[in-house]
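Below is one structure, written out as structure tokens, with a few remarks after it.
By convention here, the first residue in the shown sequence is residue 1.
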Amino acid sequence: MGEPGPGSPRSDCTLDAKGLDCPLPILKTKVALSRMNAGEVLHVAATDPHSVIDFKAFCARTRHELVHHEERGDLFEFWLRNAGRT
């Protein structure tokens, strides 16, 4: 999947959502977060250019926190802190 940039936060789990279009990256993220503990960080790698808007909106509607995101070429990476049950 490639290594996150040098300033990227650590993560407890990684989700490869590359090649998936909306709404699949968000749906797979919801499933992954539901399997994680509160406070853990999920790293998601996506290639859908709309994913930036989608992940910001997802976090605004839930208690999950968008800790960090990076854009490198056609790769969009997100780190979300799990809020637990939302």
Is it the case that the side chain of T47 and the backbone of G19 share a donor-acceptor pair, with hydrogens and angles ignored and the cut-off at 3.5 Å? yes
Nearest heavy-atom neighbours spanning K18 and D16: N-OD1, 3.0 Å
Which atom pairs, one a donor and one an acceptor, fall under 3.5 Å between side chains of residues 22-35 and the rest of the protein, sequence neighbours left out?
| residue | atom | partner | partner atom | Å |
| --- | --- | --- | --- | --- |
| T29 | OG1 | P25 | O | 2.7 |
| S34 | OG | V31 | O | 2.6 |

Contacts of type side chain to side chain contact (heavy atoms under 4.5 Å, CB included), residue R10, not counting sequence neighbours: D12
With sequence neighbours left out, write down each residue that passes ring pair (Phe, Tyr, Trp, His ring centres under 6.0 Å) with F55, or none if nothing qualifies. F78
Reported SG-to-CG distance for the pair C59 and D54, which is rounded to 0.5 angstrom: 11.0 Å
I need the H68 NE2 to L80 CG distance, nearest 0.5 Å. 12.0 Å
Could you pull out all residues at least two apart from E65 that satisfy salt bridge (Lys or Arg N to Asp or Glu O under 4.0 Å)? R81
What distance separates D48 CG from L20 CG, expressed to the nearest 0.5 Å? 9.0 Å
So do the side chains of H43 and L15 get within less than 4.5 Å of each other, counting heavy atoms only? no
Any chance you could pull the hydrophobic cluster mates of I53, using side-chain heavy atoms under 4.5 angstrom and chaining through other members? none
